[in-house]
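Below is one structure, written out as structure tokens; the observations come after it.
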Amino acid sequence: MQPENKKTFEREKVVEIINSVLNKVEHGADDPKVILNELKDLQRIIEQTRAEVGAAQAGDISDKHIPTATDELDAVVANTADATGKIMDSCEAIDEIAGNLGEQGAVISGETIKIFEACSFQDITGQRITKVVSTLKTIEEKVSRLVNALGAAMPDAGSVSEGEDTRQGDERLLNGPQMSDKAISQDDIDKLLDSF
Amino acid sequence: MSVDKNMNVLIVDDYNTMLRIIKNLLKQLGFNNVDEASDGQMALEKVQAKSYGLIISDWNMEPMTGYELLKAIRGSGKAYQNTPFIMVTAESKTENVVLAKQAGVNNYIVKPFNAETLKNKISAVLGDF
């Protein structure tokens, strides 16, 4: 059975069992063993689901992956805002000089205005990223709720933790831009190199 | 109708980048008396304290949005209640435009925009300049 079909089947089975148990309890079933067996089936499905959630390391999604992703996105907004600010500082300085240059200055001012217009990308991307962060936080909340509802499902002992770095060789050294609180500064790097 | 470029203009946006862009575009258009506010509440306080010939505001701000600012100004019953108001926003849904219009907005600019668009919209509200 395909995984998706299996899930649908399990969901339907849970509903079927619950309805059957409720029906028997409401109408006073004469054999408690039938109810007991149905409840055992339900227990089996719940345990299986817990094990699957555990094996999927669902807790890592809300505890590690999403917070890391949102931090990275926040850093993108902050860094682009900073860079855009510096571009506009230069444009304002150029504009001031251009004000004293007559006709040629007007041409220069016209060009700096185009740079200002283009800088609005930072505002738009900032708003878009904020929306993405908000969506990720909603997913994080829902995954947390799901994991809590199913109890502290233990990860499958044989599986590799999502947080574990399984990369080999040079690839293992590549982590992209570091967050400022995790990165070491150029000064620190220089000191480290000097120490050799 | 001629536009007095010496009038006070209030620009409202929670993104400093956007405030600087609009301020510089206005400067290019000849408006030099420009005040800034970073949210609706701050803008309302400025409007209550000083007379403005034009307000240009973003919609999406906290704690007071541009839409709430617009409604507060239009419903104030004060001398500033009819101050020309242009909404500059990334909120481009028809529903938003209709709501803003019903609340008394004079014009609506969708981000990103350029100096020419800003000039055209100001002209549409205040007259040619």
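Every heavy atom of this structure was used, including side-chain atoms; hydrogens, water molecules and symmetry mates were not. Just so it is clear: chains get the letters A, B, ... in the order the sequence lines come, proteins before strands, and each one is counted from 1.
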Handout entry: chain A interface, residue from Leu25(B), Asp58(B), Asn60(B) that has the most non-hydrogen pairs under 4.5 Å
Key =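 Highest number of pairs under 4.5 Å: Leu25(B).
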Problem - Among Leu118(B), Asn114(B), Asn24(B), residue most engaged with chain A (heavy-atom pairs, under 4.5 Å) - result: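 Most pairs with chain A among the choices: Asn24(B).
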Applying a strict under-4.5 Å side-chain criterion to I, L, V, M, F, W and Y, I'd like to know whether [X] and [Y] cluster together.
{"X": "Tyr52(B)", "Y": "Met87(B)", "answer": "yes"}
{"X": "Leu126(B)", "Y": "Ile11(B)", "answer": "yes"}
{"X": "Val105(B)", "Y": "Val110(B)", "answer": "yes"}
{"X": "Tyr80(B)", "Y": "Met64(B)", "answer": "yes"}
{"X": "Phe31(B)", "Y": "Leu10(B)", "answer": "no"}

Practice task
Calculate, to the nearest 0.5 Å, the distance between atoms CG and CE belonging to Asn16(B) and Met88(A) respectively.
Solution key: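 One gets 6.5 Å once the value is rounded to the nearest 0.5 Å.
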Handout entry: Over 12 foreign heavy atoms within 6.0 Å of CD, Glu96(A)
Key =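 Atom CD in Glu96(A) is not crowded, with 12 or fewer foreign heavy atoms closer than 6.0 Å.
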Handout entry: Glu116(B) CD: over 12 foreign heavy atoms closer than 6.0 Å
Key =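 Check fails, neighbour count at 12 or below.
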Measure the shortest side-chain to side-chain distance between [X] and [Y] over non-hydrogen atoms and say whether it is less than 4.5 angstrom.
{"X": "Lys111(B)", "Y": "Asp123(A)", "result": "yes"}
{"X": "Ser120(A)", "Y": "Met18(B)", "result": "yes"}
{"X": "Phe113(B)", "Y": "Glu117(A)", "result": "no"}

Problem - Heavy-atom contact with chain B under 4.5 Å, split by part of Ser109(A) - result: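 Both parts, backbone and side chain.
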Practice task
Tell me, for Thr130(A) versus chain B, whether the close heavy atoms (under 4.5 Å) come from the side chain, the backbone, both or neither.
Solution key: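 The side chain, not the backbone.
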Exercise for the section: Work out which heavy atom in Thr17(B) is nearest to a heavy atom in Cys119(A); give both atom names and the distance. Expected result: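 The pair with the smallest heavy-atom distance is CG2-O, 3.8 Å.
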Practice task
Heavy atoms only: give me the nearest Ile124(A)-Ala90(B) pair and the separation to one decimal.
Solution key: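 So the minimum-distance heavy-atom pair works out to CD1-CB, 4.5 Å.
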Exercise for the section: Go through the steps for Arg20(B) and Asp89(A) under the test salt bridge (charged side-chain N to carboxylate O under 4.0 Å, His left out), then give the verdict. Expected result: CA-CA 10 Å; Arg20(B) 286 182 70 180; Asp89(A) 286 345; 2.7 Å; yes
Exercise for the section: Could you please spell out the steps behind the side-chain contact (heavy atoms from CB on, under 4.5 Å) verdict for Phe116(A) and Gln28(B)? Expected result: CA-CA 11 Å; Phe116(A) 277 116; Gln28(B) 177 79 3; over 6 Å; no
